Amino acid sequence: MLDAGKAQDNLLEVNNIEVIYNHVILVLKGVSLSVPKGGITALLGGNGAGKTTTLKAISNLLHSERGEVTKGSVLYHGKTVQHRDPASLVKAGVIQVMEGRHCFEHLTVEENLLTGSYTRAASRAEIEQDLELVYSYFPRLKLRRKSQAGYTSGGEQQMIAIGRALMSRPETILLDEPSMGLAPQLVEEIFTIVKNLNEEEGTTFLLAEQNTNVALRYAHYGYILESGRIVMDGPAAELRENPDVKEFYLGMSDEGRKSFRDVRSYRRRKRWLS
Amino acid sequence: MLYREAGDFKTSYEEDSQTFPIRFDRLAYHGALVVAFAIVPFFINDYWANAVALPFLIYAIAAIGLNILVGFCGQVSLGTGGFMAVGAYATYKLMTAFPEVNIFFHVLIAGGITALVGMLFGLPSLRIKGFYLAVATLAAQFFLVWLFNRVPWFYNHSASGQISAPERTVIGVPVTGPHTEAWATYLFCLVFLAGSALIARNLTRGATGRKWMAIRDMDIAAEIIGVNPLRAKLSAFAVSSFFIGIAGALFFSVYLGAVEVGEAFGINKSFLVLFMVIIGGLGRIFGSLAGAAFLVLLPVLLKNTLVGTLGWPTDLAAHLEIMIVGALIVIFLVAEPHGLAQLWRITKEKLRLWPFPH
Amino acid sequence: MPDQLLFAMEVLLNGLMAGVLYALVALGFVLIYKASGIFNYAQGVMALFAAMTLVGIMEGQVPFAHLINAAFGTDLHVFGWQLSGLVGIVLTALIMIALAWAVNHLIFRHLVNQEPIILFMATIGLAYFMEGLGDLMWGADIKKLDVGLPQGINGWIDTVTFDAFGYGFFIDNLDIWATVIAAVLVIALMIFSQYSKQGRALRAVADDHQAALSVGISLNFIWVLVWSIAGFVALVAGIMWGTKSGVQFSLSLIALKALPVLMLGGFTSIPGAIVGGLIIGVGEKLFEFAIGPMVGGATENWFAYVLALLFLVFRPQGLFGERLIERV
Amino acid sequence: DLVFPDLSYRTGPYAANGIPFSDGYQDYMTLLNERDGGIGGEMIKVIECETGYNTEKGVECYEATKGEGALLYQPLSTGITYQLIPKATADGIPVHSMGYGRTSAKNGEVFHNIFNYPANYWDGASHAITQILNENEGDIADLKIALVYHNSAYGKEPIRTLEELSKKHGYELSLLPVDSPGQEQKSQWLQIRRERPDYVIMWGWGVMNQVAIQEAVNIRYPMDHFIGIWWSGSENDVLPAGEAADGYKALTFHNLGSDYPVYDDLKKYVVDAGKAAGAGDQLGTALYSRGMYAAMLATEAARTAQDMFDTKALTPAQMRDGMENLEMTEAKMAALGLPNFGPEFKVTCSNHGGDGLGAVAQWDAKAREWSLITDYFPADEEVLNPLITADSMAFAEENNITPGCM
Amino acid sequence: MSLAEQYVADDVAETSDGYVTADGRKIGGVMMEMRNITLKFGGVVAIKDISFDIRQGEIRAIIGPNGAGKSSMLNVISGFYHPQEGEVWYNGARRAPLRPYQVARQGIARTFQNIALFEGMTVLDNVMTGRLNFMNTNLLQQAVWRGKAAREEVHNREFVEKIIDFLEIQAIRKTPVSRLPYGLKKRVELARALAAEPHLLLLDEPMAGMNVEEKEDMSRFILNANDEFGTTIALIEHDMGVVMDLSDRVVVMDYGKKIGDGTPDEVRNDQAVIDAYLGVAHD
Ligand SMILES: Nc1ncnc2c1ncn2[C@@H]1O[C@H](COP(=O)(O)OP(=O)(O)OP(=O)(O)O)[C@@H](O)[C@H]1O
Ligand SMILES: Nc1ncnc2c1ncn2[C@@H]1O[C@H](COP(=O)(O)OP(=O)(O)OP(=O)(O)O)[C@@H](O)[C@H]1O
Ligand SMILES: [Mg+2]
Ligand SMILES: [Mg+2]
C-alpha cells in the first residue's frame with residue numbers, strides 16, 4: 001500500500017496500529033500511513049471512520065480518553081513515540097489541533113493563543129510578533145482578544161484552536177477538521193495559510209477533513225479511512241479523479257454537482273468494506 | 001460464551017425497557033431476592049445482622065437516595081448526615097408522640113418530612129453549582145446537627161440530649177428496642193431497601209429520571225429542550241432526601257437504638273455515603289448497593305483478617321485498615337473511574353466476547 | 001455602650017486573625033483547584049501529615065517504629081538527635097515534594113480528563129491513605145510542636161490599647177505571626193500565578209486537561225509543582241495550628257474551617273482565600289459575640305457555612321472566583 | 001477463661017486518650033495472669049477491639065466479642081455506652097461505664113446491668129462546686145462561674161446539676177459551648193477574659209482540653225481557678241501549655257502518680273517482660289492509672305462473683321452479681337498494691353454508682369505531675385438524688401421497665 | 001389534546017397570506033417575527049436592530065460570517081438570551097420574556113452548534129428527552145410504574161422509534177452518546193429535536209463536520225421533516241451548497257447587522273453579501 005520509495009524521507013510513520021477504547025471497543029483495525037516531510041497529507045472518511053482516533057493515537061492523547069494502541073507502532077523521525085507524553089511530543093514538534101474546538105474557556109482569547117507558545121523558549125518580542133501574525137490571519141480574534149474564550153462564537157473558537165497551534169511554531173501539525181463551522185471564505189483562507197506555511201516554512205501537515213473537496217485541492221496525498229481501515233490511498237490529484245471518491249466524497253455525479261434537494265430518494269450506499 | 005445476550009430479542013417496547021433485559025441477569029436478580037428474603041433470615045445471627053447486614057441495608061438505602069441526587073441529577077450534596085438526622089429525629093418524635101401507630105408508617109412519614117427539609121435546602125441549587133453547591137450543602141449538615149443538639153424539644157428534654165428508641169413491633173414482632181431478633185430487624189430493613197431500590201429504578205427509567213439526567217449532563221441544554229430546572233432539581237432533592245430520611249430513621253431506630261446527633265450523623269456520615277455512591281458508580285442503582293457493600297464489608301473483613309487471623313495489634317491493624325481502604329479507593333478509580341457497577345458491566349461485555357477478544 | 005463597642009472591636013480584631021489562619025488552609029485548596037479542577041479533600045490531612053513529619057524529624061523519631069517493633073521485636077524509638085525548627089522545615093518540605101511527586105505519578109496521572117467528582121473521590125482515597133500512613137509512621141499520640149514561634153498575649157498591644165481606651169486588647173502573638181507569614185505567602189503566590197507563564201498554564205489545565213496536553217503543557221510537571229506548593233502551604237498551616245493545639249488527629253479537621261472561606265472567596269482565587277478568610281473570621285466571631293448568647297452559642301461551626309451560602313445565592317462563583325461559563 | 005473485651009481506641013480524634021487507658025486496663029489484667037495466674041486460678045483473656053470512638057464500630061465490636069463469653073464491657077465512650085445499654089441489658093451482660101455514660105444508670109433498680117461506680121458526671125459537677133465552696137469559706141453567692149463544655153451529650157451532662165446547685169448556692173452560671181473538635185475557642189475565651197468569671201469549670205475531651213488550657217494561659221486566666229472534670233485532667237491536656245499550666249485543677253475519683261507497689265509489679269511482670277499492651281511508656285499517667293483502676297474494679301468484681309458462686313469460670317450473669325456486690329475497702333486495695341488509691345465504696349442493687357466520692361488534683365508543671373490537694377469528699381446527694389430518680393424513672397417508663405431488684 | 005395539536009389549531013388561523021415556492025410547496029403566514037432585536041453583551045453588540053420573519057412551513061436560512069450573531073439569534077428565539085431591545089412575535093402575539101423551557105413548550109425545538117447531547121445517556125434516552133413535554137404522569141405514578149406511567153412510556157417510545165427509523169440510527173439506539181463520532185451525534189441531536197414534534201425547528205449548523213454524502217443524508221432528513229411533519233425550519237449553515245439548495249428564503253447577517261434578506265438567488269447575487277461573506281459568487 002505504501003510507496004516504498006518514499007519511506008526514507010517520511011517524517012511520520014504509522015504502522016498497522018490497532019486502537020481499543022475502554023478495553024472493549026475496537027476502533028482502528030490496522031491502520032498504516034506515512035506522512036512525508038514537508039507534505040500535506042489528508043485523511044478522509046465518513047463519520048466514525050476513525051480519523052480523530054488516528055490523530056490522537058499519533059499525538060498520544062488517547063490515554064486521557066481511556067483508549068490504547070494495542071498493536072503496531074508510530075514512528076516520528078524514525079523513533080517510536082508511543083511512550084512519550086503528549087507534552088514532550090509537542091516539544092519535539094508535533095502538535096494537534098483538536099476537533100470540536102477545545103478552548104480554555106476561562107482564559108481570554110489572547111491568553112489562549114499564548115498558551116500555544118508554552119513550550120517555546122522564544123523571547124517576548126518573537127512571541128509578540130507571532131501573535132500579530134495570527135491576528136493578521138484572523139482579524140476577528142484581534143477584535144475579541146480580551147473576551148473570555150468561552151463566550152466567543154463557534155467559528156471564533158475554531159480560529160482560536162488553530163491560532164493556538166500556530167503559536168507553537170511546530171514542525172508537524174495534525175489538523176482535525178479545521179474547516180468545521182467556518183464561513184466559506186475563511187475555509188479557503190485557512191487552507192491558504194496551510195499551504196503557505198507548508199511552502200514557506202516547510203511545515204508538515206496531516207489533516208483529517210470532511211470537506212473532501214477543499215482537502216483534496218490542497219493536499220499532496222490522501223488516505224481514505226472507513227470503519228477503522230484504510231480503504232484507498234493515492235496522490236490527491238488521482239483521488240480527485242476516482243469515480244467512487246467523486247460520487248461519495250465530492251458529491252459529483254456524471255452530470256456534475258447534484259442539488260441537495262435531489263437526493264431525497266432512499267438509496268443504500270455502496271461501501272468498499274463494511 | 002459464558003454470558004449470553006444474543007438470542008434475547010424483544011418484541012415489545014415494554015419488554016425492552018424492563019430492568020434486566022438480559023435473561024441471565026433476570027435469573028440472577030430473582031435468585032438474589034429469594035436468597036435475601038427466604039433464606040438469609042434463617043441463618044442470620046446477631047453478629048451478622050448488627051455488624052454487617054443492617055449497616056449494609058441502611059447505607060444502601062441512603063446511597064440510593066444520594067445517588068439520585070448526585071448520580072442522576074448531578075447535584076453534589078454533603079448534607080446526607082444532616083438529612084439522616086432529620087429522619088432519625090422525626091421518627092423519634094413520632095414514635096414517642098404516637099406510640100399506637102405502626103413504626104412502618106413512622107419511618108415513611110419521617111422520610112416525607114426529610115423530603116420537605118431536603119427541598120428547602122435544595123433551593124440554592126438553582127443558582128449554585130458544582131463544588132460550590134457541595135460545600136453549600138454543608139451548611140445544612142452543620143446547621144441541622146446544631147439544631148438537634150440545641151433544641152431540647154427534639155430530644156424530648158432528656159438530660160444528655162441522646163435519643164433512644166423505645167420498643168415497637170410489627171405484627172407482634174419487635175423491630176426496635178432491646179428485645180429484637182436478628183432476623184426481624186434484618187427483614188424490616190430489607191423490605192425498605194427492596195422498596196427503595198424498586199422505586200428508584202422506576203423513577204429513573206422514566207420521564208423523571210431523564211429529566212434528572214438531562215440536568216446532570218447539561219443543565220442549560222436541558223432547560224432549552226423543555227425541562228423546568230426548578231422542578232427537576234427540587235424533585236431530585238425531595239426524592240433523594242426521602243430515601244435518606246428513611247435510612248436515617250432505620251439507622252437510629254432499628255440499627256443503633258440510641259444516637260447522639262453529632263456523633264452518629266456528623267459530617268463523616270455525609271462523606272461516607274458519598275464515597276459509597278462514587279465507588280459504586282454514579283447513576284447506577286446497583287452501584288449504590290455495591291458501594292455500600294464495599295465500604296461496610298471491607299473494613300470488617302480487613303479487621304477480621306488483620307486482627308483475627310493474623311493477630312496483629314489492633315492499632316496497627318486500624319492504621320493499616322484505613323490505608324488499605326484509601327488505597328483501594330484509588331486503585332478502583334484508576335482502574336475504572338465510573339465505579340464498581342461499570343467495572344461489572346465491562347466485565348460482562350468481556351465475558352460476552354469471551355473467548356474471542358473483541 | 002462604649003464598653004460593648006470596645007469588646008466588639010477586640011472580637012473583630014481576633015476574628016480577622018482567626019480568618020488568616022483559615023485562609024492559610026484555604027490557600028492550599030485554591031492552588032490545587034486552580035491548577036487541575038481537583039477539589040482536594042486531602043488538604044487537611046496533608047497539613048496534619050506535614051506537622052507530624054516535622055515533629056518527627058525534629059525529635060528524631062524513627063518512622064514506622066511501632067510497625068518495625070511489632071514485626072521484628074525490636075525496641076526502636078528515636079535516633080537520638082534534636083534538630084532545629086529550620087532544618088526540620090526544610091526536610092519536611094522536601095518530603096512534601098516527594099509526596100507531590102508520588103501523588104501525581106500514582107494517582108492523578110491516570111485520571112486525566114475525568115470528571116471533577118471522580119478526582120475529588122481520588123483525593124478522599126488519598127486522605128484515608130495518608131491518615132493511616134501518618135499514624136503508622138509517627139504514632140497517634142499528641143505531639144508538641146515548637147519551632148520557636150511566640151505564643152500568648154501580645155503585651156505591647158495590651159498596654160497601648162489599655163492606655164488609650166482603658167481596656168487592653170487581647171491579640172495572640174501566634175496570630176500576628178500567622179498574619180505576617182500568610183501575607184508573604186499570598187503575595188508570593190499571586191505573583192507566581194499572575195505573572196509567570198506557569199500561572200497561565202495552571203488555569204489552562206484546570207479548564208481542559210486534554211487541550212492543555214495538546215498544546216504541550218505537561219500535566220505532570222504542573223501538578224507536581226502545585227502539589228508541592230500546596231504541600232508547603234499545608235506545612236505552614238500545620239505549623240500554625242499545631243503550635244496552637246498540639247499535633248494530633250483533629251488537625252486534619254481544620255479543612256472544614258477552610259471550606260466556607262473557599263466558597264466565599266471563590267475556589268480559584270488566591271486573594272479570595274485571604275479576603276474570604278477575613279470575612280468568615282470576623283463574621284463568625286461577631287455573630288457568636290452578638291447573637292450567639294441568644295441562641296445558645298456554639299454557632300461557629302454552621303454560621304460560616306450559612307453566611308457563605310447566603311452570599312453565594314447572590315454571587316454563585318464567590319467573591320473573586322471565575323464565572324461559570326454558561327453557553328450553548 | 002474469663003473474657004474481658006477491651007473496646008479501645010488507638011486511632012481517631014481521641015486516640016491520645018484512648019491509648020493510655022487501654023494500656024492500663026490490659027496491663028493490669030496481664031499482670032494478674034503473669035503474677036497470680038489469673039483470678040482465682042482462672043486465666044484472663046482480653047480481647048481488644050478498636051472502636052475509633054465510633055459508635056457503629058462500637059456495635060460491631062460488641063457483637064463480635066459478646067459471643068466469646070464476654071463478662072463485662074468498659075467502652076470508654078458515652079455514645080457507645082448509650083448504644084450498649086439496651087443491647088447489653090437484653091443479652092444480660094454487665095457494662096461498667098466508670099465515670100462516664102448515663103448518669104442515672106446509678107439507679108440499679110432500673111438499669112440492672114449498668115454500673116457507673118465510683119462516681120458519675122453529676123457527682124463531678126457537684127464536686128467542682130463543693131471545691132469552690134471550700135475555697136470560698138462556703139459563700140459563693142456572688143461568684144460568677146463559667147462552664148466551658150464540649151457541645152455534645154457528654155458535655156451537656158453537668159448543666160442541669162450546675163443549674164440546680166446554682167439555685168441552692170446562688171452563684172451565677174454562664175454556659176460556653178465549644179463545638180467539636182474544639183480547636184477554635186477564641187470567642188469563648190475572649191468572653192471569659194471580658195467577663196472575668198471567678199471560676200471556670202471545663203467539660204472537655206480530646207483536643208478541646210489542650211486548646212482550652214492553652215487559651216486560658218494566653219489570656220492569663222488564674223489557673224488555680226480553672227477546674228476540669230476528670231476527663232480533662234490528663235497529662236496530655238496540660239503538657240502542651242508548658243510551665244504556664246501550673247496550678248490547673250482537675251477532679252478525679254482515684255489517686256494519681258506511680259508511687260504504688262503495683263507499679264513495681266507492672267514493670268517487672270509486664271513491661272520488662274515485653275508483654276505490655278502499648279509501648280509501655282504510659283505507666284503512671286492519669287489515664288493509664290484510670291484504665292488500671294477500671295481493670296482492678298472489674299477483676300475484683302469477678303473475684304467477688306467467684307466467691308459468691310463458688311466457681312472459677314463465670315457467666316455474664318454471675319459477673320453482674322459480682323459487680324453488684326462489689327465492696328472496695330482500703331485493706332483490699334492495699335493488698336492489691338494500691339494503698340490509698342481509691343475511695344472505699346460499696347455497690348448495692350439500688351445504687352450502681354458507688355458513693356460518688358471525688359477529690360481534686362492539681363498540676364505541678366515543674367515536677368510534671370498531678371497531686372491530690374483534697375481528701376475524697378462526697379457529692380451533694382440531696383440535689384442529685386431527685387434528678388437521678390426522675391431521669392431513670394423516665395427511662396423505665398419509656399421502656400416498660402418495672403423498677404426493682406432482680 | 002396534545003400540545004402539538006393545540007398549536008396546529010392556532011396556526012391554521014394564520015395561513016391567510018403566504019406564497020408558493022418554486023417546487024410548488026405552499027408557504028403559510030408569518031409564524032415568528034423578530035422586530036428590531038438588539039442584543040449586547042457588555043461592550044459587544046452581538047445583534048444590532050435586526051428584523052425578519054419566519055413563515056409557516058418554510059425553510060429559512062440564516063447565514064453570515066463567523067461571529068456575526070447567528071447563533072445568538074437562535075438563542076434569542078429559544079429564550080436563552082433576552083434582547084435588550086426589540087420584540088419577538090410568535091403565532092401572532094407578542095411573546096413576553098420567557099424562560100427557555102417555557103419556549104420549548106410552545107413548540108420550538110432546536111439543535112446546537114457545539115453539540116449539546118446528554119453525554120451520560122444512551123441515544124434512545126436522549127431522543128426520549130425530546131418527548132418530555134408529552135409525558136405528564138406524576139412522581140407517584142412513575143414510582144409505581146405499572147399502569148399509567150408504563151403505558152405513557154410505551155406510547156412515547158413508539159413515536160421515538162419512528163423518528164429513530166426515520167433518521168436511520170436504529171443500530172446505535174442503546175449506545176451511550178459519548179462514544180459516538182461527531183457526525184452521528186449531530187444526527188441524534190436532530191432526532192431529539194424532532195421527537196418534540198416542534199412547530200418551529202431551529203438548526204444551528206447541522207452539517208458541520210460532515211462529508212458530502214452525510215450532508216446529503218442530513219438534507220434528506222431536513223426536507224422530509226419539513227414535508228412530512230410540516231415543520232417550519234430555521235437553519236444556520238456555512239455550506240452554501242446546502243443553504244442555496246434547501247432554503248426558501250435567506251437572512252444574511254454581518255457583525256450583528258442584517259445585510260440581506262431574500263430568496264437564495266437574490267442573496268447570492270447581492271454584492272454586499274458577496275463582499276461580506278461569500279468571497280466569490282457561488283454557483
Ligand atoms: N472515547 C471513546 N470511547 C469509546 N468509543 C469511542 C471513543 N471515541 C471514539 N469512539 C468510537 O471510535 C470510532 C471512531 O471515532 P472517531 O472520532 O475517530 O471518528 P472520526 O473519523 O473522527 O469521525 P467524525 O468525522 O465524526 O469526527 C467511532 O465509532 C466512535 O464511536
Ligand atoms: N454570552 C455571550 N457573552 C459575550 N459575548 C457573546 C456571548 N454570546 C455571543 N457572544 C459574542 O457575540 C458574537 C456573535 O456570536 P454568535 O455565536 O451568535 O456568532 P455566530 O454568528 O453563530 O458565529 P459562528 O458562525 O462562528 O458560530 C460573537 O462575537 C460572540 O463572541
Ligand atoms: Mg473526528
Ligand atoms: Mg454560531
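Small disclaimer: the values here were computed from a predicted structure and weren't measured. Below, chains carry the letters A, B, ... as their sequence lines are ordered, and counting in each starts from 1.
Between the side chain of N47(A) and the backbone N or O of P181(E) there is no donor-acceptor pair closer than 3.5 Å.
Side-chain contact between Y182(E) and M180(A): present, with at least one pair of heavy atoms (C-beta onward) separated by less than 4.5 Å. Side-chain contact check for Q210(A) versus E214(E): some heavy-atom pair is nearer than 4.5 Å.
A distance of 12.0 Å separates CD of Q185(A) from CD1 of I274(E), quoted to the nearest 0.5 Å. Within the model, atoms CD of E205(E) and CG of L182(A) stand 8.5 Å from one another, a figure rounded to the nearest 0.5 Å. Separating the OG atom in S179(A) from the NE2 atom in H238(E) is a distance of 10.5 Å, to the nearest 0.5 Å.
Chain E forms more heavy-atom pairs under 4.5 Å with one residue of S153(A), G181(A), G50(A) than with any other, namely G181(A). Options D204(E), I236(E), N66(E) differ in how many heavy-atom pairs under 4.5 Å they form with chain A, and the most are formed by N66(E).
Residues A183(A) and P65(E) approach most closely at CB-CA, 4.0 Å, considering heavy atoms. Summarising the geometry of P184(A) relative to M240(E), their closest heavy-atom pair is CG-CG, 4.1 Å, with the distance given to 0.1 Å.
Proximity to chain E (any heavy atom under 4.5 Å) is restricted, for L186(A), to the side chain, taken from C-beta onward. R179(E) touches chain A through its side chain: at least one heavy atom from C-beta onward sits under 4.5 Å away, while N, CA, C and O do not. For L44(A), no part lies under 4.5 angstrom from a heavy atom of chain E. When heavy atoms are compared at a cutoff of 4.5 Å, N213(A) does not approach chain E at all.
For NE2 of H220(A), the number of neighbouring non-hydrogen atoms (other residues, nucleotides, ligands) closer than 6.0 Å is greater than 12.
Near-neighbour residues of residues 249-264 of chain E relative to chain A, defined by a heavy atom under 4.5 Å from a heavy atom of that chain, comprise Y255(E).
With sequence neighbours excluded, the residues that form a salt bridge (Lys or Arg N to Asp or Glu O under 4.0 Å) with E65(A) are K56(A).
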